[in-house]
Amino acid sequence: MMNMKRLGTILLVVSVVLILVTVYLAIFFAPLPQTSVESADQIMSAEVGARLHVAGFVSVVYSRGGNAVLDSPEHVVFSIADFRDYGRFLQANNSNNLDQQWWTVRPIDVDSISGGLRSSTGPSVGYKIIPGANLSVEGVVSSQHIAPNSNVTGFSLDSNSGNDITFGPVGAFGIMTAPVAQKIFYFHMPSAWACYLSFGVTLVGSALFLKTRDQKYDRVAFSSAEIGIVFATIAITTGPVWAKQEWGVYWRWDDMKLVTTFVLWLVYIGYLTLRAAIAEPSTKARVSAVYGILSFITVPMSLLSSRIAPLLQSSHPQVIASSSGGLSPQAGLTVGIAVAAFTFLFITMLIKRVEIAEAEDELEELKRRIGEEE
Amino acid sequence: MSDSWTALFVAYSIVWLGLFLFLGYLYLRQRRIDRDIAMLKEEVSKHGK
């Protein structure tokens, strides 16, 4: 059997190399993201009369008239635009002078809106649009003012009622506002993966300990939990840095994904706190094994919170098994390498941490023996 | 745009610092424990003699 120390060193070198490769791929290889069901190119090439379905999440909402609430679909026009200069666009919009050279628009007469937040606070039964809401609209292209070589830089949803106009500037729908910052994803998501993996190992280690009462499983369980907290901390600190760019806010307490991940982090902090609070080794191992098993419920809660129920509001992008997201092959390769790197790094850390735990036990034993002799 | 790059730099720094500080901490911790064990073993062997 290969020496564990040697395996750890090899995996460390491999994971560092893979992380460096990920940085390179993320910056120079992976394309800028689009989360729309239909790509920007498809949207831009649509003819008058074409049926379009555009979905994504709202990054920023500007409202005129105080409420970011849309009327029922038949009163809403959805515009796909190349805003270029959003400040000038707003100015032109306010003076009803939109058809300018420096911005173009392709309106759709919307016949369905889904997502958002149904609200009873608006002037009528409306769709309250909040930053981060998942939203999709469907309708027919009614006119075109798209200049050649335009890029979709934003979308807007206009209510004909005149009171409520909601604008999503650059990338509010489907295309991200901060595509460069999206490259944070290539480390944010693998960190989250590594934290779920760590807590999974804690679950297995805890169950095996309860079954066999073998201390080595307890060592694996708490070592893995400690590493999981490091990865979880990285995930929940890099996420807000990205969110600030994309959504305009660092954190949203009404987003289930964010909240459940924060709860997961707290629960596993609690695991380590609990261990630190119990002095007697066998009680410590037994109680923390039970806690380690029960706390695993927070992992599926966090993992699935952005997709399990339509009632749960989450604007967090879905990556796996998502119909509204999806990665390009280049992005998939980049994130795949990052996931491999973080998995190897996790194994390296686990080997090292378990080694330390064994050494700590040996140290305690030596201290006990010296104490007895004296 | 520059904000976006700054955010990217900050996030990547968090990742690198977080991971490698933790790895560094593990290696230092092990070195200290190994040193303590060696010291205690020496003490035990002295007692034995």
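Order of the sequence lines fixes the chain letters, A, B, ..., with proteins taken first and strands second; residue numbering starts at 1 for each chain. The figures that follow rest on heavy atoms only: side chains count, while hydrogens, waters and symmetry mates do not.
- Rounded to the nearest 0.5 Å, atoms CZ (A:Phe185) and CG (B:Leu8) are 13.5 Å apart.
- Separation of atoms CG (A:Leu363) and CG (B:Asp34) is listed at 9.5 Å; rounding is to 0.5 Å.
- When the shell of 6.0 Å around OH of A:Tyr24 is examined, it contains 12 or fewer heavy atoms from other residues, nucleotides or ligands.
- Nearest heavy atoms, B:Tyr12 versus A:Ile184: CE1-CA, 4.0 Å.
- Between chain A and the residues B:Leu17, B:Leu21, B:Ile33, the most heavy-atom pairs under 4.5 angstrom are made by B:Ile33.
- Among A:Val16, A:Thr233, A:Ile19, A:Thr348, the residue with the largest count of heavy-atom pairs under 4.5 Å with chain B is A:Ile19.
- Residues A:Glu362 and B:Lys41 are paired through a salt bridge, judged by an N-O separation under 4.0 Å between the basic side chain and the carboxylate.
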Between B:Val15 and A:Phe342, does the side chain to side chain contact (heavy atoms under 4.5 Å, CB included) criterion hold? Intermediate values first, please.
CA-CA 11 Å; B:Val15 174; A:Phe342 276 61; 3.9 Å; yes

Passes side chain to side chain contact (heavy atoms under 4.5 Å, CB included), B:Leu23 versus A:Leu345? Steps please.
CA-CA 9 Å; B:Leu23 271 172; A:Leu345 203 54; 4.0 Å; yes

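- In this structure, CZ in A:Phe346 is found 13.0 Å from CG in B:Leu19, a value given to the nearest 0.5 Å.
- In this structure, NZ on A:Lys352 lies 13.0 Å from OH on B:Tyr25, to the nearest 0.5 angstrom.
- From B:Glu42, atom CD reaches atom CG of A:Leu366 across 12.5 Å, with rounding to the nearest 0.5 Å.
- Distance check: B:Ile37 CD1 to A:Lys367 NZ gives 9.5 Å after rounding to the nearest 0.5 Å.
- You'll find the side chain of A:Arg353 reaches within 4.5 Å of the side chain of B:Arg29, heavy atoms only.
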Do B:Ile14 and A:Phe187 pass the side chain to side chain contact (heavy atoms under 4.5 Å, CB included) test, and can you show the C-alpha distance, the side-chain angles, and the key distance before you say yes or no?
CA-CA 10 Å; B:Ile14 290 170; A:Phe187 285 99; over 6 Å; no

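- If you measure heavy-atom distances from B:Phe9 to chain A, you find no contacts under 4.5 Å at all.
- Note: A:Thr238 leads A:Ile27, A:Leu12, A:Thr238 in heavy-atom pairs under 4.5 Å with chain B.
- At a 4.5 Å heavy-atom cutoff, the contact between B:Val10 and chain A is made by side-chain atoms alone.
- Annotation: side chain of A:Ile234 is not in contact with side chain of B:Trp16 (no heavy-atom distance under 4.5 Å).
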